[in-house]
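Working notes, beginning with the structure itself.
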Number of protein chains: 2
Amino acid sequence: MDQVQLFNDYLRCKGLKTTSQRLIILETFLDSDCHFSTEELYLKLRTEYPKIGYATVHRTLKLFAECGIAAERNFGDGQARYEPIHGEEHHDHLVCTECGLILEFEEPQIEKLQESVAAAHNFTIDNHRLELYGLCASCAATAN
Amino acid sequence: MDQVQLFNDYLRCKGLKTTSQRLIILETFLDSDCHFSTEELYLKLRTEYPKIGYATVHRTLKLFAECGIAAERNFGDGQARYEPIHGEEHHDHLVCTECGLILEFEEPQIEKLQESVAAAHNFTIDNHRLELYGLCASCAATAN
DNA sequence: CGCGAAATTGAAAACGATTTTCAGAAAAAT
DNA sequence: ATTTTTCTGAAAATCGTTTTCAATTTCGCG
Ligand SMILES: [Zn+2]
Ligand SMILES: [Zn+2]
Ligand SMILES: [Zn+2]
Ligand SMILES: [Zn+2]
């Protein structure tokens, strides 16, 4: 299903309202498919829509996460990030600690091993986070 | 090597001073081997040593992390946690989102797969975090 | 020992990201 | 159109963390 449709349905079923701000934020968020902090998205929006406030961006991103349009991430730089979920598979992240580059990966074998670890401890897993921090190829080259 | 010795050596080589507060905090930290937030350790210390301030606990935990006596963790509850490293192997965590129980595990196969993922993307890994969130056995039983 | 330079301490203030408040504006229901 | 409800944006509040600063403590040196 279309993301905008999905969002509108969510708003309706929760008794919330469709507003121009929410649609603008959604569009901008989906358009540039990356790992936005609230601040970053706010700044990007501000160039074209200076009237939209920070608080609205924040509240709207939370809404996206709530209705499954976005995933909240935290890469340890002290600010939450949100990325669009286009119905794709789950993925984990490689993060360059030098330049901030974020790569995504999927490793089914790791996912499977996580399950068996959880089972061995009688845990029921709801979700997990796996992040590999280090240097990307170009930062490693520059660093010598 | 003894942890206290290691700490004293670190202080000396950095031109820092050995103080009663630092030794008390270290002892308390090592004694109860768990994943302390600054607040938790501060409160625990306060019962026996009401004079020790929060800032000192905070600064001392940072020191521990610096010299390799402690590892800083973050389990997504909005506050940093520190756990003693007794020279053991690296481990990852299972976190119960209901009761806060934290279990530790090691899975060499996962570690190995992480390496190969990084290699495939030309990343050099410095460190990583893997946390599995869900319900522990007893919380799962209670929840029905 | 005691002195003095240098580091440490604790209370309070500053900080930065996030969240809430509130009065006016906008959207949906009637 | 009127009423009700939600939303918005600016500003304030919050929360964990970090810094400031004057008073205290440590420690090398005479
Ligand atoms: Zn995964
Ligand atoms: Zn991603
Ligand atoms: Zn690991
Ligand atoms: Zn641990």
Side-chain angles (χ1 to χ4, degrees), chain A residues 4 7-29 35-67 70-82 100, chain B residues 4 7-26 28-29 35-67 70 72-82 100:
Chain A
V4 180
F7 185 51
N8 279 322
D9 288 354
Y10 180 78
L11 291 178
R12 172 141 330 187
C13 87
K14 287 281 185 177
L16 306 178
K17 291 175 178 172
T18 302
T19 67
S20 62
Q21 288 93 330
R22 283 176 176 164
L23 294 180
I24 289 168
I25 295 170
L26 178 56
E27 189 186 6
T28 306
F29 178 64
H35 302 80
F36 275 122
S37 69
T38 308
E39 178 79 11
E40 286 167 1
L41 183 52
Y42 167 67
L43 290 177
K44 166 151 194 169
L45 282 159
R46 202 172 58 167
T47 65
E48 201 167 350
Y49 308 95
K51 302 274 191 56
I52 295 182
Y54 182 96
T56 300
V57 177
H58 168 263
R59 285 183 287 228
T60 305
L61 283 171
K62 290 259 152 186
L63 260 186
F64 294 168
E66 247 175 73
C67 73
E72 185 176 332
R73 306 285 190 180
N74 196 310
F75 298 135
D77 62 346
Q79 55 191 337
R81 292 180 178 280
Y82 297 83
Chain B
V4 179
F7 185 52
N8 279 323
D9 288 356
Y10 181 79
L11 291 178
R12 172 139 330 185
C13 88
K14 287 282 185 176
L16 306 177
K17 291 175 177 172
T18 302
T19 67
S20 61
Q21 289 93 331
R22 284 176 176 164
L23 294 180
I24 289 168
I25 295 170
L26 178 56
T28 306
F29 178 64
H35 302 79
F36 275 121
S37 69
T38 309
E39 178 79 10
E40 284 167 1
L41 183 52
Y42 167 66
L43 290 177
K44 166 151 193 170
L45 282 160
R46 202 172 58 167
T47 65
E48 201 167 351
Y49 309 94
K51 302 274 190 56
I52 295 182
Y54 182 96
T56 301
V57 177
H58 169 263
R59 286 182 287 228
T60 305
L61 283 171
K62 290 259 152 185
L63 259 187
F64 293 168
E66 246 176 75
C67 72
E72 185 176 333
R73 305 286 189 181
N74 196 310
F75 298 134
D77 62 347
Q79 57 191 336
R81 291 178 179 280
Y82 298 83

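Convention: sequence-line order gives letters A, B, ...; per-chain numbering from 1.
- Listed pair A:Gln21 / D:dG9 meets the phosphate criterion, a side-chain N or O lying under 4.0 Å from OP1 or OP2.
- Not a single donor-acceptor pair, N or O on each side, falls under 3.5 Å between the base of D:dT26 and the side chain of B:Arg12.
- At the heavy-atom level, A:Thr18 lies under 4.0 Å from the strands shown only through sugar-phosphate atoms.
- Taking the nucleotide of DNA chain C with the nearest heavy atom to each of A:Tyr54 and A:Arg59, the more 5' of the two is matched to A:Tyr54.
- The distance between atom CD of A:Glu72 and atom C1' of C:dT18, rounded to the nearest whole Å, is 10 Å.
- Each of A:Tyr42 and B:Ser37 was matched to the nucleotide of DNA chain D holding its nearest heavy atom; the match closer to the 5' end belongs to A:Tyr42.
- When side chains are defined from C-beta on, A:Thr28 does not count as touching A:Glu48, because their heavy atoms never get closer than 4.5 Å.
- With 3.5 Å as the limit, one finds no donor-acceptor pair spanning the side chains of A:Tyr49 and A:Gln21.
- Computed from coordinates, the B:Gln79 CD to C:dA17 C1' distance equals 16 Å when rounded to whole Å.
- If you check every strand for non-hydrogen atoms under 4.0 Å, A:Glu39 touches nothing.
- With sequence neighbours excluded, the residues satisfying salt bridge (Lys or Arg N to Asp or Glu O under 4.0 Å) with B:Arg81 are B:Glu40, B:Asp77.
- Across all strands shown, B:Lys62 has heavy atoms under 4.0 Å from sugar-phosphate atoms exclusively, and none from any base.
- Between B:Lys62 and B:Tyr82, the shortest heavy-atom contact is CE-OH, 3.4 Å.
- Contact check, A:His58 against C:dT19: a side-chain N or O comes under 4.0 Å of OP1 or OP2.
- In this structure, CG of A:Leu11 is placed 19 Å from P of D:dT5, rounded to the nearest angstrom.
- If you check every strand for non-hydrogen atoms under 4.0 Å, A:Arg22 touches sugar and phosphate atoms only.
- Of the candidates D:dT17, D:dT6, C:dA17, the closest approach to any side-chain atom of A:Leu16 belongs to D:dT6.
- The only member of A:Leu61, A:Thr19, A:Ile25 that meets side-chain contact (heavy atoms from CB on, under 4.5 Å) when paired with A:Thr56 is A:Ile25.
- The separation between A:Glu40 atom CD and C:dA17 atom P is 11 Å, rounded to whole Å.
- What separates CD1 of A:Ile52 from P of C:dA26 is a distance of 14 Å, to the nearest Å.
- When the nucleotides C:dT8, D:dG9, C:dT18 are ranked by their closest atom to the side chain of B:Thr19, C:dT8 comes out on top.
- Within 3.5 Å, a donor on the side chain of B:Lys17 pairs with an acceptor on the base of C:dA6, or the reverse.
- Distances were taken from every side-chain heavy atom of B:Thr56 (C-beta onward) to each of C:dG10, C:dA27, D:dT26; the shortest belongs to C:dG10.
- Rounded to an integer number of Å, the gap from CD1 of B:Ile24 to P of D:dT26 is 11 Å.
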